[in-house]
Amino acid sequence: MELMIDDLSGTAIQQLIMEHLTDMSSQSPPESTHALNLDGLKHPSVTVWSCWESGMLVGCAALKEIDNRHGEIKSMRTAKYALRKGVAGKLLDHLIHEANVRGYLRLSLETGSMDSFEPARKLYESRGFQYCQPFDHYKEDPNSVFMTRSMKS
């Protein structure tokens, strides 16, 4: 698998992001859906990586800089045809590495509280993320779970 910074101009990545947005809106009410659309992902504070295998897009993930010491994971998605092949783990490991390179002291995320998000929560737990209070602009929400981990300094 090869990861590369993506400018979001390709059809494949745009379709994967649209699939992500559609799926997130189908599982959470609008006020609890925090996924970034294409314009949000193009903001200068956000870097998006796409993950490719044999010329096929298998996943994507983004890292948003909250400030120079705190990053947030956004838009982590594995293509349906690539589920359970280690794509999410590779993307997450890359984001953790990048957060360390950037000198972040903390890396956080928001994900769903529903059963369908349990595999994602278990993956985050396996990489040292712990449950926490809402961070940055988030508010308490029964449809959301917040997780964070300290980084190497």
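Numbering starts at 1 and runs along the sequence shown. Heavy atoms only: backbone and side chains are in, while hydrogens, waters and symmetry mates are out.
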Okay, side chain of K74, backbone of H34: is any donor-acceptor separation there less than 3.5 Å? yes
Nearest atoms (heavy-atom pairs only) where A79 meets L16: CA-CD1, 3.9 Å
Would you say V101 and L92 are hydrophobically clustered, going by side-chain heavy atoms of ILVMFWY under 4.5 Å? no
Residues forming a side chain to side chain contact (heavy atoms under 4.5 Å, CB included) with P119, sequence neighbours excluded: none
Are the charged groups of R102 and E98 less than 4.0 angstrom apart, N to O? yes
Could you check whether atom NE2 of H97 has more than 12 heavy atoms from other residues, nucleotides or ligands sitting under 6.0 Å from it? no
Separation between OG (S50) and CG (L91), nearest 0.5 Å, reads 9.0 Å
Residue pair C51 / L3: nearest heavy atoms and the distance that separates them: SG-CD1, 4.0 Å
Keeping the roles fixed (side chain from S144, backbone from G112), state whether a donor-acceptor pair exists under 3.5 Å. no
Connected via hydrophobic side-chain network under 4.5 Å: W52 and L83: no
L41 versus V48, closest heavy-atom pair with distance: O-CG2, 3.9 Å
Transitively linked via ILVMFWY side-chain contacts under 4.5 Å: I66 with V46? no
Return the minimal non-hydrogen interatomic distance between V87 and A82, and the atom names on each side. CG2-O, 3.9 Å
Where does the angle between the aromatic ring planes of F135 and F146 fall among parallel (under 30°), tilted (30 to 60°) and perpendicular (over 60°)? perpendicular
Distance in Å, L109 CG paired with M147 CE, rounded so as to fall on 0.5 Å steps: 6.0 Å
Same cluster (ILVMFWY, side-chain, under 4.5 Å), M56 and M1: yes
Would you say that K64 contacts D136 through its side chain, given a criterion of any heavy-atom pair below 4.5 Å between the two side chains? yes
Which value, rounded to the nearest 0.5 Å, describes the distance between F129 atom CZ and I96 atom CD1? 4.5 Å
Considering residues at least two apart in sequence or located in another chain, which fulfil the side chain to side chain contact (heavy atoms under 4.5 Å, CB included) criterion with T33? M24, S28
S113 side chain vs P142 backbone, donor-acceptor pair below 3.5 Å: yes
Within 6.0 angstrom of M18 CE, more than 12 heavy atoms from elsewhere: no
Path from F117 to L95 over hydrophobic side-chain contacts below 4.5 Å: no
Evaluate the side-chain contact (heavy atoms from CB on, under 4.5 Å) criterion for residues N143 and M114: first the C-alpha distance (whole Å), next the side-chain angles of each, then the deciding distance (0.1 Å), finally the verdict. CA-CA 7 Å; N143 297 301; M114 300 71 132; 4.0 Å; yes
Please indicate whether E19 has more than 12 foreign heavy atoms, meaning atoms of other residues, nucleotides or ligands, lying under 6.0 Å from its CD. yes
Is any side-chain heavy atom of K85 less than 4.5 Å from a side-chain heavy atom of V58? no
Is a side-chain donor or acceptor of Q14 paired with a backbone partner of L8 at a separation under 3.5 angstrom? yes
In sequence, state the C-alpha distance, the side-chain angles, and the governing distance for K80 and D23, and then conclude on side-chain contact (heavy atoms from CB on, under 4.5 Å). CA-CA 11 Å; K80 289 178 183 173; D23 189 38; over 6 Å; no
Over all heavy atoms of both residues, which pair between G103 and R69 is shortest? Give the atoms and the distance, please. O-NH1, 2.9 Å
Would you sort out whether Y104 and E65 count as a side-chain hydrogen bond (donor to acceptor under 3.5 Å, both in side chains), showing the intermediate values? CA-CA 9 Å; Y104 293 162; E65 184 165 288; 2.8 Å; yes
E140 versus P134: any side-chain heavy-atom pair under 4.5 Å? yes
Nearest non-hydrogen partners of T148 and S108, listed with the distance: OG1-OG, 2.7 Å
